[in-house]
Amino acid sequence: NAGVMQNPRHLVRRRGQEARLRCSPMKGHSHVYWYRQLPEEGLKFMVYLQKENIIDESGMPKERFSAEFPKEGPSILRIQQVVRGDSAAYFCASTVLEYTDTQYFGPGTRLTVL
Amino acid sequence: DQQVKQNSPSLSVQEGRISILNCDYTNSMFDYFLWYKKYPAEGPTFLISISSIKDKNEDGRFTVFLNKSAKHLSLHIVPSQPGDSAVYFCAASAVISGAGSYQLTFGKGTKLSVIP
């Protein structure tokens, strides 16, 4: 039973480029959360999605960041025109139902902006 | 404003002894609490959880205690093993109250080192 998959595991971008991070939830899970972890910090909530629906994006920066979870395929976190401050580890988590809080996390994508 | 606080960045414990990791929270809407363990370059792994209707939950060597009046929870690991060495994150959410979208609010973590 495969866990939450994220790719790529490491991503290097230059300032101004776009970063696309992908997350495939656990089999049977239809709810995805994205979190960001800055160095020496805890994980911070960014966005919560169900298939084809953004439920809560209150943790997303207002500009340059977007997320989607299409009917088919993985969830995508997209960062346009990256800046050095975007360098962080980005984790996604999935749950089977909306009212269970045992979120299962993927291994993360470490984004480095040069 | 940090709503979940882990005031000890690190903790060292001898193998076989008890490890006690502490966590405090400020948001009275939180009613579900979780502990995650994290190794470097990996995602957090779920360990144990507790809802606000309980004050204790046990799973093998891991026990979580919740003191609602003090807004404090702790994770006990007995006996501690070298493989337990990792960063432990406390997380909280508002499930029963329905406030928010079940997002987790994390502390900054405590790095546990179990010395053989």
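Reminder, nothing fancy here: chain letters follow the sequence lines and each chain counts from 1.
Crowding of A/Q81 atom CD: a count of heavy atoms from other residues, nucleotides or ligands under 6.0 Å not exceeding 12.
Interface remark: A/E40 contributes backbone atoms only to the contact with chain B (heavy atom separation under 4.5 Å).
Note on B/L112: it clusters hydrophobically with B/F33, by side-chain heavy-atom contacts below 4.5 Å among ILVMFWY residues. In the hydrophobic cluster analysis, where Ile, Leu, Val, Met, Phe, Trp and Tyr join through side-chain heavy atoms closer than 4.5 angstrom, B/F65 is grouped apart from B/I20. Cluster annotation: A/L49 and A/L21 are assigned to the same hydrophobic cluster (Ile/Leu/Val/Met/Phe/Trp/Tyr, side-chain heavy-atom contacts under 4.5 Å, transitive). Under the 4.5 Å side-chain heavy-atom criterion for grouping Ile, Leu, Val, Met, Phe, Trp and Tyr, A/F105 is not connected to A/L77 through any hydrophobic cluster. Under the 4.5 Å side-chain contact rule for hydrophobic residues, A/F91 and A/V32 do not share a cluster.
Residue B/S93 holds its OG atom at 8.0 Å from OH of A/Y33, rounded to the nearest 0.5 Å. To the nearest 0.5 Å, atoms OH (A/Y35) and CG (B/L104) are separated by 3.5 Å. To the nearest 0.5 Å, atom CD of residue A/Q103 and atom CZ of residue B/F46 are 11.0 Å apart.
Among B/A91, B/P44, B/P9, the residue making the largest number of heavy-atom pairs under 4.5 Å with chain A is B/P44.
Heavy atoms only, all atoms of each residue included: A/E41 and B/F89 are closest at O-CE2, 4.2 Å.
Looking only at side-chain heavy atoms (C-beta outward), B/Q103 and A/S58 come within less than 4.5 Å of each other. No side-chain heavy atom of A/L43 sits less than 4.5 Å from a side-chain heavy atom of B/Y36.
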